[in-house]
Trainee: 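Mind looking over this structure? Questions follow.
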Amino acid sequence: MEEDKENKDSVSINLDDSLVEGVYSNLAIVMHSQSEFILDFIRLLPHQQQSRVKSRIVMSPDNVKRLAHLLLKNLEDYEQNFGEIYLPEMSSSKSDEAEFQFPRHLKGEA
């Protein structure tokens, strides 16, 4: 009886062979409307002024909030295991709401 309940609550997720390697991205653009978030993942190579979106994910606002929570939790775990990730574009403020500054090359500045 307990085993039947466990089987009903589990979900089987498979990964197609074409997706196993993943898609490398070093830039993400996030847009939103009232009903959805659009996350575009891009690979911008050095000395390039343009690139193409490599992957686009469309999500509901509640699932984006879940994703943000999971990412923050995983970042905390990562930094506990491997040390703090230093981002020069983060302000030196020690507050929880440190202001993010985009790198100059992503703002179109020279």
Trainee: When rounded to the nearest 0.5 angstrom, what distance separates CG in Leu19 from CG in Asn14?
Mentor: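 If we round to the nearest 0.5 Å, Leu19:CG and Asn14:CG are 11.5 Å apart.
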Trainee: Do Val30 and Ile38 have side-chain heavy atoms sitting under 4.5 Å apart?
Mentor: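 Val30 vs Ile38: side chains apart.
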Trainee: For the residue pair Arg52 and Ile42, establish whether any side-chain heavy-atom pair is separated by less than 4.5 Å.
Mentor: no
Trainee: Could you walk me through whether Phe41 and Val23 pass the side-chain contact (heavy atoms from CB on, under 4.5 Å) check?
Mentor: CA-CA 9 Å; Phe41 295 94; Val23 175; over 6 Å; no
Trainee: For Lys54, is the NZ atom crowded, meaning more than 12 foreign heavy atoms sit under 6.0 Å from it?
Mentor: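 Result for NZ/Lys54: enclosed.
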Trainee: Between Ser25 (side chain only) and Arg43 (backbone N and O only), is there a donor and an acceptor less than 3.5 Å apart?
Mentor: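 Not confirmed, Ser25 side chain does not pair with Arg43 backbone.
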Trainee: To the nearest 0.5 angstrom, please state how far the CD atom of Gln50 sits from the CG atom of Leu45.
Mentor: 12.0 Å
Trainee: Do Asp77 and Gln80 have side-chain heavy atoms sitting under 4.5 Å apart?
Mentor: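 They are in side-chain contact.
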Trainee: Could you state whether Leu67 and Ile57 fall into the same hydrophobic cluster, counting links through intermediate Ile, Leu, Val, Met, Phe, Trp or Tyr residues with side-chain heavy atoms under 4.5 angstrom apart?
Mentor: yes
Trainee: Between Ile29 and Met59, is there a shared hydrophobic cluster once you connect ILVMFWY residues whose side-chain heavy atoms come closer than 4.5 Å?
Mentor: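 Ile29 and Met59: separate clusters.
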Trainee: Is there a chain of hydrophobic side chains (I, L, V, M, F, W, Y, each step under 4.5 Å between heavy atoms) that links Val64 to Leu71?
Mentor: yes
Trainee: Check Arg56 against Val53 and note the closest heavy-atom contact, atom names and distance.
Mentor: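 Closest pair (atom of Arg56, atom of Val53, distance): N-CG1, 4.3 Å.
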Trainee: Output, in order, the C-alpha distance, side-chain angles, deciding distance and verdict of side-chain contact (heavy atoms from CB on, under 4.5 Å) for Met31 and Asp40.
Mentor: CA-CA 8 Å; Met31 301 167 279; Asp40 285 341; 3.3 Å; yes
Trainee: When you group the ILVMFWY residues by side-chain heavy-atom contacts below 4.5 Å and let the links chain together, are Tyr78 and Leu72 in the same group?
Mentor: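 Leu72 and Tyr78: separate clusters.
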Trainee: Working to the nearest 0.5 Å, report the span between OG of Ser60 and NZ of Lys65.
Mentor: 12.5 Å
Trainee: Is it true that atom CD of Gln48 has more than 12 heavy atoms of other residues, nucleotides or ligands lying nearer than 6.0 Å?
Mentor: yes
Trainee: Distance check, rounded to the nearest 0.5 Å: Glu76 atom CD versus Asn81 atom CG?
Mentor: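 Separation between the atoms: 12.0 Å.
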Trainee: Judged by atom type as modelled, is there a donor-acceptor pair below 3.5 Å linking the side chain of Glu36 to the main-chain atoms of Pro61?
Mentor: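 Pair absent, no side-chain N/O of Glu36 close to backbone of Pro61.
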